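First up is the structure itself, then whatever we jot down about it.
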Amino acid sequence: MTSSSGTSSSASGSSARLELDNGNSMYAKLVVGADGSKSCVRELAKIQTTGWKYSQSAIICTVEHAVENFCAWQRFLPNGPIALLPIGEKFSNIVWTMDPKESVDRNSMSEDDFVKAVNHALDSGYGPHPQSKSFEGGNVFSWLKADSTHEGFEVPPKVIKLASQRLAFPLSLMHANSYASKRLVLIGDAVHTVHPLAGQGVNMGFADALCLSKVIAEGVAVGPDIGEVTLLKKYESERKAANITMMAILDGFQKAYSIDFMPINVLRALAFNGAQYISPLKRKIISYASGQPVTSFFHMM
């Protein structure tokens, strides 16, 4: 198998071989493709994918706050959600979904104007703050804040400046038709990409890595070759079902939030509001999304 750059790979006998552009070769019992949505490993293995493009783009960047941010925040806006994801100290990553034209306009803004737009979107823009324990059926925007220990609306920490370049890219859904072949396996974005609205792409990748490590450990314990397809298919069997389920849920969310029709808006808002006050349901949703029990809350606005 050969890529457009001339690098090629093969899998036979007791190891896989990767031939590099410089003429050198590398050998391994197992090649793990964890090289992103445009995976060269997947291309070399000739594994086909299924999926479609969304009529949305996302702007991503790193921002700095005046204080530390310990929580992940997300707000659903008319053109798509904006997420604020802590990465340590006073820094967070922004993932802001919008229509393609808006992404071009916002990506070309001056840094000061973009920071103002981010703070506007995260806080005071698009309507008043919600009142605790209240619900307005006509107001369809939602807050999701992870890892909170109490009920009540809070404002995310203010962004004071950009800490990286802004990047804009089109959004799509993609799923590999196969996760594994002899001496090769795919994980993370190399095997699936999803809409970023719930921040589940990274969690799905972590779950892939955990599952694969367990399968390999079990294989080593009983002695089989870790590159054998029969062993790797155990990983595929477990993760494919879970990933397809999560992808279907996220695609449903994306479609639901793409509809601006008042009866649908009210039903959508009622569903989030109900999840806030039905504790067993809320815990189950959070546990499924995060992979472990955490405390969180939903607020309507």
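The structure displayed is predicted, hence computed values, not measured ones.
- Pairs engaging residues 211-224 under the side-chain hydrogen bond (donor to acceptor under 3.5 Å, both in side chains) rule: none recorded [sequence neighbours left out].
- Every side-chain contact (heavy atoms from CB on, under 4.5 Å) that Ile59 has, sequence neighbours left out, goes to Met98, Ser103, Arg106, Asn107, Phe114, Arg166, Ala168.
- Partner of His175 under the side-chain contact (heavy atoms from CB on, under 4.5 Å) criterion, chosen from Thr49, Thr193, Val194, Ile244: Ile244.
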When you look at Asn93 and Ile60, which way does the side chain to side chain contact (heavy atoms under 4.5 Å, CB included) test go after all the steps?
CA-CA 7 Å; Asn93 285 334; Ile60 60 172; over 6 Å; no
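- Between the CG atom in Leu171 and the OG atom in Ser55 there is a gap of 9.5 Å [rounded to 0.5 Å].
- A heavy-atom distance below 4.5 Å is found between the side chains of Arg183 and Glu228.
- Not a single donor-acceptor pair under 3.5 Å links the side chain of Arg42 to the backbone N or O of Asp35.
- Between Tyr54 and His195, the angle of the ring planes goes over 60°, which puts this pair in the perpendicular group of the 30/60° scheme.
- Ion pair Lys90/Glu64 not flagged as a salt bridge, since none of the NZ, NE, NH1 or NH2 atoms sits closer than 4.0 Å to an Asp/Glu carboxylate oxygen.
- Membership of the apolar cluster around Phe91 extends to Ile87, as traced through chained side-chain contacts below 4.5 Å between ILVMFWY residues.
- Salt-bridge annotation for Asp105 and Lys101: present, with a side-chain N of the basic residue lying under 4.0 Å from a carboxylate O of the acidic one.
- Following chains of ILVMFWY side-chain contacts shorter than 4.5 Å, one can reach Val32 starting from Ile47, so the two form part of one hydrophobic cluster.
- Considering only residues two or more places apart in sequence or on other chains, Lys240 meets the salt bridge (charged side-chain N to carboxylate O under 4.0 Å, His left out) condition with Glu236.
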With salt bridge (charged side-chain N to carboxylate O under 4.0 Å, His left out) as the criterion, how do Asp123 and Arg75 come out once you've worked through the C-alpha distance, each side chain's angles and the decisive distance to 0.1 Å?
CA-CA 9 Å; Asp123 180 12; Arg75 191 180 190 189; over 6 Å; no
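- At distances below 3.5 Å, at least one donor-acceptor pair connects side-chain atoms of Asn119 with backbone N or O atoms of Val159.
- Asn243 places a side-chain N or O within donor-acceptor distance of the main-chain N or O of Arg239, the cut-off being under 3.5 Å.
- Note on Met174: it does not cluster hydrophobically with Val41, by side-chain heavy-atom contacts below 4.5 Å among ILVMFWY residues.
- Going from atom NZ of Lys29 over to atom CD1 of Ile226 covers 7.5 Å, rounded to the nearest 0.5 Å.
- Partners of Ser92 by side-chain contact (heavy atoms from CB on, under 4.5 Å), not counting sequence neighbours, listed by chain and number: Val63, His65, Asn69, Leu84, Pro86.
- Checked by atom type and distance alone, the side chain of Glu102 never pairs as donor or acceptor with a backbone atom of Ser57 at under 3.5 Å.
- For the atom pair SG of Cys211 and CD1 of Ile216, the computed distance is 10.0 Å after rounding to the nearest 0.5 Å.
- In this structure a side-chain-to-backbone donor-acceptor pair under 3.5 Å is present from Ser164 to Thr62.
- Hydrophobic side-chain contacts under 4.5 Å tie Ile160 to no other Ile, Leu, Val, Met, Phe, Trp or Tyr residue.
- Within the 3.5 Å criterion, the main-chain N or O of Val104 finds a donor-acceptor partner in the side chain of Ser108.
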